[in-house]
4 protein chains.
Amino acid sequence: MPPRPPTKPRKRASQERSRVTVDALVEATARILVGEGFDKASTNRIAAVAGVSIGSLYQYFPGKEALVVAVAQRHRHELLSVVRARLARVADEPLAQGIGALVAAAVAAHRVDPALHRVLAEEIPRVGGLADAAGFNRDNLALFRDYLQSRRDEMRVADLELATFVCMTTIEALTHNAVLHHADVLADERMEALVAETTRLIVGYLTG
Amino acid sequence: MPPRPPTKPRKRASQERSRVTVDALVEATARILVGEGFDKASTNRIAAVAGVSIGSLYQYFPGKEALVVAVAQRHRHELLSVVRARLARVADEPLAQGIGALVAAAVAAHRVDPALHRVLAEEIPRVGGLADAAGFNRDNLALFRDYLQSRRDEMRVADLELATFVCMTTIEALTHNAVLHHADVLADERMEALVAETTRLIVGYLTG
Amino acid sequence: MPPRPPTKPRKRASQERSRVTVDALVEATARILVGEGFDKASTNRIAAVAGVSIGSLYQYFPGKEALVVAVAQRHRHELLSVVRARLARVADEPLAQGIGALVAAAVAAHRVDPALHRVLAEEIPRVGGLADAAGFNRDNLALFRDYLQSRRDEMRVADLELATFVCMTTIEALTHNAVLHHADVLADERMEALVAETTRLIVGYLTG
Amino acid sequence: MPPRPPTKPRKRASQERSRVTVDALVEATARILVGEGFDKASTNRIAAVAGVSIGSLYQYFPGKEALVVAVAQRHRHELLSVVRARLARVADEPLAQGIGALVAAAVAAHRVDPALHRVLAEEIPRVGGLADAAGFNRDNLALFRDYLQSRRDEMRVADLELATFVCMTTIEALTHNAVLHHADVLADERMEALVAETTRLIVGYLTG
DNA sequence: TATGAATGAGTATTCATTCAT
DNA sequence: TATGAATGAATACTCATTCAT
């Protein structure tokens, strides 16, 4: 097993000045990822776009991977706050409403920065430290399991763990595919239809 | 827009000798992809492993991408024949049986060469000619739409196109995730449970 | 001829605090040199290990070379005091005793800090200001010439200068090689044999 | 223990063309080593001076170290043939003649390419694969032991192994120092004196 | 005086691809 | 048709040193 490239930031940006540098680097990485793709994102290029010397890049990040991971993390946090916010509003409503909201939230999340989301999901070799760079699912999964748990009496599933896996995978795949690959085909009203269908699919499955 | 690297084989392998060379190259590519990962798969290395000179490689393939595409295609054909064979056997049975068989087929397909499947799906930047290197779905999609069409009267869906999309995406995502990322967790009996669950999910959805 | 990097300390450490800083830097350099080798000894690393800011390092030393030179000088002083102490005890004894003591002293000197000695002698490019970083010989040479001069009547050599050169070079080479490269092979008793042999060699040469 | 940089040539230069390339690279390395010193000898510079692309350099050598080793080896072979040739002529003469010839040979050897010899001996960090890049002594040692063995009855030494070590180390150190550091001081006639002195030193030692 | 953020020239190395033989 | 020597742009990363705070 070859040693993986490190992905954790090298030093904390303590002073204000360095904070700016770090942000510029992460932002530049995101911009290049979206605009030119993963393998144009060389460290030299990132530094140049960030308006920062290559030396400074390496003061704060141990390498390219760490930058991509930082971008993915930032993206993940944004998604998560979108999902959390929406979910909070329906915590006490019946299952059908909850699932509906969740699916809608997933679509909304995929629309936060679809281009970045696509690069993160499809262009980045999921290997080494990048393996779950886009794995915002773990957080989502926990969130969702808690929700399902709280609604357990409305459901008819034997294995909650399995059900969570099935639901999350399904919702993620459908919204991802729809938003990222069929946005053109699926006009707005049809997207609403998809949300409805997905909700029906999941609710039907859970209340079986 | 930068010109994409060409991905089509350069010439037909008419003579027997060429045929052997081409096969050796594709096989070597696959072996390296699985054994060492996408970015160790350099053209020089592929040629070396294939026991062929780098010059010859470029006689038959316009570049690296073309080789990967060829590997993906070969893999796709294998998958497709697995799915087709299984589907043929249930063409005349009721929907529930058909869907069950399809899900089982999807699992079987993912087990043909999981390591290669994983590399193709997760390590290769889905960009340019590689965009749908792993997109064996197109074929599957057509196959499945035809099947659903033939069983339309057992179903209660308004939009067949949409339903096909929903079902295929769901089945693909669930089996992919299950086989490639949770094979350890999902022991054999639980895998059977997953097949059952997935079938219930889809059948429930289709029959309203 | 490119300008040589300066190797003299920048300012006198007049205040106590500075003194501590300078010592910490020299000590850190020595520790890194021994523990990780010459080319891991970057200025940044030295400063870090010394617990001093890189800025401060440059307040007291004009560059990396100066630090290494300082380490070498410190080492040289230690060696010299070892040799001097031993030599003082035999100043009035006949040649054979004197030479014997000198050889033993040379061995003892090489054992003061063999690891540092080795790095200084073998890993550091003897170029520029580093040219005689390990050249503790100059001092030794003077010391030894004086001793030989005082025993001139016991000797039968035409050219004292030449004889000094021959003796010093020989003793240094033999003890260095023995201690640093054959310490494993030359067990303690054999090392004593070497001291005896070397003494015989030199005394034989001087007394014709 | 960190993995050492490899020092063995990467591929054999089978065709005539590549032979030329390899030679040019080794020659260029030597020239840079002598003219600009070890740490100006970057791979890019070596390739440039050799009039060869950097890519070609890496076809034949795994890195910088390997080139330096190749240079050292080439140099060693030249030295060895000088020494061997001279030694052959006195194989049957008495010890005093033999030692005299050997010392003269050592001086001659150091004069083959003194500048290169100096760089190899003093500027190259004797670490890793470079550790005995300049260790032409091993061959010499064997050669010399055989010679001493054949003259054993003229000698009065208890431990032949030790005697060989003492003689070789002494001769090497004296000639090295004389030729490389005191060439200016030691004019030709004085150099002859040194040869005589050294011979006397050694013969005296061996014949007790 | 001390700090540490910033610099950027410089270094080793890879790899897709070409082309003379 | 096959070969493999040659290419060189591109890449990740280091490190001595400066200077504003």
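The figures here come from the full heavy-atom set of this structure, side chains too, leaving out hydrogens, waters and symmetry mates. Model, not experiment: these values are computed from the prediction. Order of the sequence lines sets the chain letters (A, B, ...), proteins ahead of strands, with each chain counted from 1.
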Donor-acceptor pair, side chain of C/R126 and main chain of C/A121, under 3.5 angstrom: yes

A/L25 CG - F/dA12 P separation (whole Å): 14 Å

Heavy-atom donor-acceptor pair, A/E123 side chain to A/F38 backbone, under 3.5 Å: yes

Side-chain N or O of A/S18 closer than 4.0 Å to phosphate OP1/OP2 of E/dA6: no

Residue pairs, two or more places apart or on separate chains, that pass salt bridge (charged side-chain N to carboxylate O under 4.0 Å, His left out) and touch residues 25-34 of chain B: B/E27-B/R31, B/E27-B/R74

For atom CD of B/E36 and atom P of E/dC15, their distance in whole Å: 11 Å

Pairing residues for A/E65 by the salt bridge (Lys or Arg N to Asp or Glu O under 4.0 Å) criterion, not counting sequence neighbours: none

Rounded interatomic separation in angstrom, taking CG from A/L67 and P from F/dA12: 10 Å

Gap between atoms CD1 and P, on B/I32 and E/dA16 respectively (whole Å): 10 Å

Short side-chain N/O contact from A/Y58 to OP1 or OP2 of F/dT14, under 4.0 Å: no

Spacing of B/Y60 atom OH and B/D23 atom CG [to the nearest 0.5 Å]: 11.0 Å

Qualifying salt bridge (charged side-chain N to carboxylate O under 4.0 Å, His left out) pairs, either residue in residues 42-59 of chain C, two or more places apart: C/E36-C/R45

Base F/dA5 to side chain D/Q59, donor-acceptor N/O within 3.5 Å cut-off: no

Side chain to side chain donor-acceptor pair (under 3.5 Å) involving C/S56 - partner list, sequence neighbours excluded: C/S53

Any C/Y60 side-chain N or O less than 4.0 Å from OP1/OP2 of E/dT1: no

5'-most by nearest nucleotide on DNA chain E - D/G63 or A/G51: A/G51

Distance, rounded to the nearest Å, where B/R19 contributes CZ and F/dT1 contributes P: 16 Å

Separation between CG of A/L120 and CG of A/L116, rounded to the nearest 0.5 Å: 5.0 Å

Atom pair CD1 (C/I54) and CD (C/Q59), whose distance is rounded to the nearest 0.5 Å: 11.5 Å

Per-nucleotide pairing state of DNA chain F [Watson-Crick or G-U, under 3.5 Å; [ ] pseudoknot-crossing; | other strand]: .||||||||||||||||||||

Whole angstrom value for the distance that separates P of F/dC13 from CZ of A/R45: 18 Å

Between N or O atoms, less than 3.5 Å apart, protein on one side and nucleotides 8-11 of chain F on the other: list the pairs.
unit_1, atom_1, unit_2, atom_2, d
F/dG8, N7, D/G55, N, 3.2

Nearest-Å distance for atom pair CG/C1', residues D/L57 and F/dA5: 14 Å

Nearest-angstrom distance from the residue atom CZ of A/F61 to C1' of F/dT14: 18 Å

